[in-house]
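Quick notes on the structure that follows.
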Protein chains: 2
Amino acid sequence: MNIGEASAASGVSAKMIRHYEAIGLIEAMRRPNGYRSYGPQDVAVLRFIRHARDLAFPLEDIRRLLALWRDRSRASADVKQMALDHVAALESKAASLQAVADSLRHLAQHCQGDDRPDCPILAELEGVRE
Amino acid sequence: MNIGEASAASGVSAKMIRHYEAIGLIEAMRRPNGYRSYGPQDVAVLRFIRHARDLAFPLEDIRRLLALWRDRSRASADVKQMALDHVAALESKAASLQAVADSLRHLAQHCQGDDRPDCPILAELEGVRE
DNA sequence: ATGGGTCTTCCCAATATGGGAAGGTCAAGG
DNA sequence: CCTTGACCTTCCCATATTGGGAAGACCCAT
């Protein structure tokens with residue numbers, strides 16, 4: 001399989017496959033002509049990576065997840081710990097985004113939103129309340 | 001005021017002040033010796049930018065907010081619209097992060113988390129359920 | 001005049017992804 | 001046999017934001 005086929009089979013763009021190789025996340029056999037060559041096992045790895053990315057795991061986490069995945073004797077506790085840490089990070093980020101959204105929405109509620117120039121949002125940004 | 005003082009007064013790092021200038025968000029007078037020079041008005045602008053960044057406005061939005069801020073005859077509706085658009089973007093991002101966190105947490109709940117290698121998280125990433 | 005702090009510009013780093021150029025390779029068809 | 005088009009290669013650049021650090025110029029006080 002060339003990189004195009006592997007990309008189609010895995011859902012990972014060829015660009016990204018090369019990138020993952022460049023950062024040492026994966027490797028690839030080379031044909032005599034220099035083309036990368038992939039087998040079903042490689043596609044499985046790529047799909048694994050894509051699923052992990054879908055779950056917003058950063059690449060460095062994926063590196064560790066791949067190691068655990070390949071390690072037949074890994075303890076599931078290790079994986080669970082990483083997953084829960086990641087969940088906590090995601091929820092913390094979500095919560096702070098939501099908090100910012102809430103305060104901005106609150107600010108906007110007090111803005112007339114008409115043709116007049118008075119605007120509490122700009123006043124806040126200006127630092128009137130500081 | 002030199003850049004260091006302006007930075008201390010505004011809470012924006014000198015690095016960032018130079019960056020904002022490089023991307024055309026702000027300008028600065030130069031002294032004969034090449035040093036940037038800032039007045040109280042410039043500090044107000046920098047504080048405005050910092051507050052907007054605190055509300056997670058992207059710099060391109062801040063560029064527009066600054067224009068509105070400087071325009072004494074702006075309509076508050078314009079600002080309100082930008083703010084509400086931004087709120088929507090933030091909430092959408094927060095929601096999708098939370099959704100990912102939820103599904104990963106769900107996955108982790110079914111993981112024993114012991115010394116055994118069986119792990120539904122890895123199984124999911126592997127694509128067993130596809 | 002010398003030293004310490006501040007300023008200048010320029011390069012590099014991180015996140016993950018993609019665009020595009022310039023050139024090599026291969027298979028099909030005139 | 002040669003062209004054409006699809007695919008591959010590497011390399012550079014871009015996104016958005018912030019920071020680290022180097023090399024050199026400058027300013028003020030001792």
Side-chain angles (χ1 to χ4, degrees), chain A residues 1-39 42-43 46-66 85-86 89-90 92-94 96-97 100, chain B residues 1-39 42-43 46 48-66 86 89-90 93 96-97 100:
Chain A
M1 234 186 294
N2 283 342
I3 199 173
E5 255 181 301
S7 167
S10 66
V12 179
S13 75
K15 268 299 211 218
M16 281 300 100
I17 296 178
R18 295 195 193 96
H19 178 64
Y20 294 155
E21 182 180 335
I23 63 174
L25 198 60
I26 57 178
E27 291 178 16
M29 300 282 98
R30 295 296 184 121
R31 291 192 207 288
N33 63 12
Y35 285 19
R36 290 170 179 81
S37 172
Y38 300 91
D42 299 310
V43 172
L46 289 172
R47 288 157 85 89
F48 181 96
I49 294 174
R50 182 171 63 80
H51 291 319
R53 286 293 305 147
D54 288 347
L55 289 174
F57 277 100
L59 289 182
E60 284 316 302
D61 282 21
I62 295 179
R63 198 185 294 275
R64 278 174 261 141
L65 286 173
L66 274 175
D85 287 352
H86 185 46
L90 289 172
S92 146
K93 202 174 295 185
S96 62
L97 284 180
V100 169
Chain B
M1 233 187 290
N2 283 341
I3 200 173
E5 254 182 300
S7 167
S10 66
V12 180
S13 75
K15 253 334 199 201
M16 281 301 99
I17 296 177
R18 294 195 194 94
H19 178 64
Y20 293 155
E21 182 181 335
I23 64 174
L25 197 61
I26 58 179
E27 291 178 16
M29 300 283 99
R30 295 297 184 121
R31 294 223 170 75
N33 62 13
Y35 284 19
R36 291 169 178 83
S37 171
Y38 300 91
D42 299 311
V43 172
L46 289 171
F48 181 95
I49 293 174
R50 181 170 62 80
H51 292 319
R53 287 294 305 148
D54 289 347
L55 289 174
F57 278 100
L59 289 182
E60 284 316 301
D61 282 22
I62 295 180
R63 199 185 293 275
R64 276 176 263 140
L65 286 172
L66 274 174
H86 184 45
L90 289 172
K93 201 173 293 182
S96 61
L97 283 179
V100 169

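So that the names make sense, note that chain A is the first sequence line, chain B the second, and so on, each numbered from 1.
The side-chain heavy atoms of L59(B) and R53(B), taken from C-beta on, include a pair separated by under 4.5 Å. No side-chain heavy atom of L90(B) sits under 4.5 Å from any side-chain heavy atom of L55(B). You'll find the side chain of Y20(A) stays beyond 4.5 Å of the side chain of I62(A), heavy atoms only. By the 4.5 Å heavy-atom criterion applied to side chains, R36(A) and M29(A) are not counted as neighbours. Contact check for M16(A) versus L46(A): no side-chain heavy atoms found under the 4.5 Å cut-off.
Judged purely by atom type and a 3.5 angstrom limit, H86(B) uses its side chain to pair as donor or acceptor with the backbone of A56(B). With R50(A) contributing its side chain and S10(A) its backbone, the two residues share a donor-acceptor pair below 3.5 Å.
As rounded to whole Å, 14 Å separates atom P of dG18(C) from atom CD1 of I23(A). Whole-Å rounding puts the I49(B) CD1 to dT17(D) P distance at 12 Å. I17(B) has its CD1 atom 13 Å from the C1' atom of dC7(C), to the nearest Å. One can place CZ of R18(B) at 12 Å from C1' of dG21(D), the figure rounded to the nearest angstrom. One interatomic measurement links the two molecules: CD1 of I3(A) to P of dA6(D), which rounds to 19 Å at whole-angstrom precision. If you measure from atom CG of L55(A) to atom P of dA16(C), you get 15 Å, rounded to the nearest angstrom. As rounded to whole Å, 16 Å separates atom P of dC27(D) from atom CD of E5(B). In this entry the distance linking CE of M16(A) with P of dT17(C) reads 6 Å, nearest Å.
Nucleotides dA14(D) and dC10(C) have their P atoms positioned 16 Å apart, rounded to a whole Å. Going from the C1' atom of dA16(D) to that of dT8(C) covers 25 Å, rounded to whole Å.
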From CA spacing to verdict: salt bridge (charged side-chain N to carboxylate O under 4.0 Å, His left out), E21(B), R18(B) = CA-CA 5 Å; E21(B) 182 181 335; R18(B) 294 195 194 94; over 6 Å; no
Watson-Crick and G-U pairing of DNA chain D, under 3.5 Å, as dot-bracket with | and [ ] = |||||||||||||||..|||||||||||||
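Among the protein residues, R30(B) comes within range of the sugar-phosphate backbone only, with heavy atoms under 4.0 Å from sugar or phosphate atoms but none that close to a base. Residue contacts shown for Y20(B) are limited to sugar-phosphate atoms, with no base heavy atom under 4.0 Å away.
Proximity note for E60(A) (side chain, C-beta onward) versus dT9(C), dT15(C), dT17(D): the nearest is dT15(C). If you check dT17(C), dT17(D), dG19(C) against the side chain of K15(A), the one that comes closest is dG19(C). Nearest nucleotide to the R36(A) side chain, out of dT17(D), dC7(C), dT9(D): dT9(D). The H19(A) side chain lies nearest to dT17(C) when the options are dT25(C), dT18(D), dT17(C).
Between R53(B) and N33(B), the one whose closest nucleotide on DNA chain D sits nearer the 5' end is R53(B).
Within the 4.0 Å cut-off from OP1 or OP2 of dG18(C), at least one side-chain nitrogen or oxygen of S13(A) is found.
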